[in-house]
Every structure is written in structure tokens, then in C-alpha cells.
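Some notes on the structure that comes next.
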Amino acid sequence: MALRLSERQQAILFASALIAAIAGLYGSTLVLQPVPVQASEVHLVRLDVESVGWSIQYAPLTTDNNTAFRLLLEASVKLAFPIGYVWYQIPQGVFVTAINGSVNGEQNRNWLYQVNGVYSNLAADHQALHDGDVVRWIFSAPQEGI
Amino acid sequence: MPGRWRAVLERGLGDTRTRILGVFLIIVAVVGTVLMRSYANIETVFAATLLAGSLLGRWWTILVPLTALAVLQPLEWSTTYAGYGLNAMTGITFFVVSGYVFVGILGRRIRPRVLFRVKSVALLTTISVPVTIAYDLWTAFGEWYFITRPFGVGIVTILEAQVPFTLYHLLSSLIFVPLFGSIFLFLHTYGWPARAPAASSKTPDRE
């Protein structure tokens, strides 16, 4: 004989299953969040910023700012150029929108960054740097005519 | 002729209650998404569209997502995603709009009886899971094709990067579909004092 549940029992069962599913999903999102990069000293890193008609180089001998974003932030303070960025809560990460007056979207270009010649798929504040790394911020246009 | 058009409009938009609920869903879609714009993929357009398709039917299946996106897409392209070329904007908008229209049509195919019952809410919540995943796969393809492919990024990279965003989107669906579904069903059943609660058979003004 099939078990028949009252409306209230069904509601409790459904709410329980839903809460469990939401908790499980939320837990999964926390697990998938990139681990924050612990500050540590790195040596001989270099920052190159390239836009249309200008470029910036910054090469500290040693720094505690061991992410692609914090290195850019350090350079902006030391060399006095402005940067624009947006912090996202979900997922956590920073999105750089402007460097030294070149803003995303101008001339169909956007800021992307590479580390040692390879485009990263991490937010810049989650990209850890190591000794000798070269970070290159490029104000690039798509390769195709978009 | 005007009478004929009026009849078409009446049939497409339904009775007053249906129209009010349709507008309510549009407002929910727009306001909810704007309020949560800092949280990627936490949005209310999906829930509103699914409810419009499954519980209102008629033109609201298409009207709710199209109207909401007519407000939201220009807002996004002029703020968060400012600067993309026209081709990219057009292409991605096509994938987003068609994705939500697909959600509405799928909701219409399911069409649970419009009852303020746990089973109705549970059914809508359950189907929102695979539909959310399908929508995300569709729009991820569009974003790859129009935004990242020109920079030489492969589709596999985009799909890998999509995983956490789809988890957030599923979270959004599991919260908002039962929440607004329950509110909506309550309003549909009890929200009009002049009407008695809907009978257990299909309400006469649904297709």
C-alpha cells in the first residue's frame, strides 16, 4: 500500500530536501572558490603594461605583492598612474576595468593579462606569482573583426 | 477589424488576473536581477520565465522574458559589459534571449495544474535544475563564440570556467523558483477576494 502523506508532511519533506540541496550547492561553491593567495615575498618579478601609444614597465627587486593584481596595484602607487577595478562577491575576484586612462571598451579593446606569456583564466587577485615571473597587461582587441 | 484584434489580444493576454500576474512576474524578473547584479548568475529572470510559461501560458511565455530582457540587456551592455563590439553584443543577446524563451516554452510544455499545493511547487523546482544547466550550456557556447574565441580561448576552457557559475545559477533557481512559485500560486489561488479558491480541475482561463 502506497504511503500517503498529508500536505503538511509533504511540505516538511520538500522543505527539508530543498534546504539540503541548497546547503550542498552552497558548500560546493565555497569549495570551488579559489584559495586566497597568501602574501609572500617574491623576487625579480616584472610588470609590463601595454596600451595604444604607451607602455609601463615596473620591476621591483623584491615585493610582498605576489599576485598579478597586487603587483599592478603596487606599480600604480609607485609610478602614480590610475587604475580602475570592480570587486565581485560571487564569485570572489577583481575585474580590472581601466589602467592609466585606457578603459575597457575603448576602440573595442579590453584589458587582459598574461603570466609568462600565457593568458590566465583566474581573476588577477587569485593569480599567484613566483620568482622571476613576468606579468603583462595588454589592452587588446579581438583577433577577429568583432 | 478592431474587434478582431481585441479578440486576439484578449485571447493572447488572458483575463485581468492573468495580466496582473504576468506584469508581476516581469517586475520580479527586472527588480530581482538589478538588486543582485553584484552576484554573478543570481537572478530572477529564470524563475519568472519558468513560472510564466508553466502557470500563465499564452503570450506571457514569451512576453515575460522578452520584456524583462528588453530592460536588463541594455542596462548590462551599458554598465557591467560596456565596450563590446556590436557583433558580440548582438550575438550574446541572441543566445541569452533564445535561452530564456526556451525556458518559458519548456515550462509551458510541463504545465502543472495551477494549484497551491506542495506537488506543484516541487515539480517546478525539480525541473528547474536540468533546465538551468541546459540554459547555462547554451549561453556558455554563445559567450565562447562571440567573446573568448577571438582571443584564441578553447570551448573546453570556457566550460570548465562555467562550472562555478552554473552552481551559483542552480542555487539561484532552487531559491527563487520555490519562493516565487509559492507566492505566485498563492496569489493565483487566493489573491482575488471576489473569486473563490480555484477548483482542483484546470482553471477555465488557461489554455
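Here is how names work: the chains are called A, B, and so on, in the same order as the sequence lines, proteins then strands, and each is numbered from 1.
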Notebook entry, point to check: Got a sec: does the CZ of B:Phe95 have more than 12 other heavy atoms crowding it under 6.0 Å?
Noted result: yes
Margin query: Can you tell me which portion of A:Leu13 sits under 4.5 Å from chain B's heavy atoms? Options are side chain, backbone, both or neither.
Written below: neither
Notebook entry, point to check: Given a strict heavy-atom distance threshold of 4.5 Å, which part of A:Ile22 is in contact with chain B: side chain, backbone, both, or neither?
Noted result: both
Next item on the list: Below 4.5 Å from any heavy atom of chain A, which atoms of B:Val129 appear? Answer side chain, backbone, both or neither.
Entry: neither
Notebook entry, point to check: How far does OG1 of B:Thr126 sit from CZ of A:Phe14, to the nearest 0.5 angstrom?
Noted result: 6.5 Å
Next item on the list: Would you indicate whether A:Gln38, at its atom CD, is surrounded by more than 12 heavy atoms from other residues, nucleotides or ligands within a distance under 6.0 Å?
Entry: no
Next item on the list: For A:Leu30, look at atom CG and say whether over 12 heavy atoms of other residues, nucleotides or ligands are found less than 6.0 Å away.
Entry: yes
Next item on the list: Indicate the atoms forming the closest heavy-atom contact of B:Lys119 with A:Gln10, along with that distance.
Entry: CG-OE1, 3.7 Å
Next item on the list: Please name the pair of heavy atoms, one in B:Leu171 and one in A:Tyr26, separated by the smallest distance, quoted to 0.1 Å.
Entry: CD1-N, 3.8 Å
Check: Between B:Ala122 and chain A, which part of the residue has a heavy atom less than 4.5 Å away: side chain, backbone, both or neither?
Finding: both
Note to self: So which atom in B:Pro164 and which in A:Leu32 form the shortest heavy-atom distance, rounded to 0.1 Å?
What the structure shows: CA-CD1, 4.4 Å
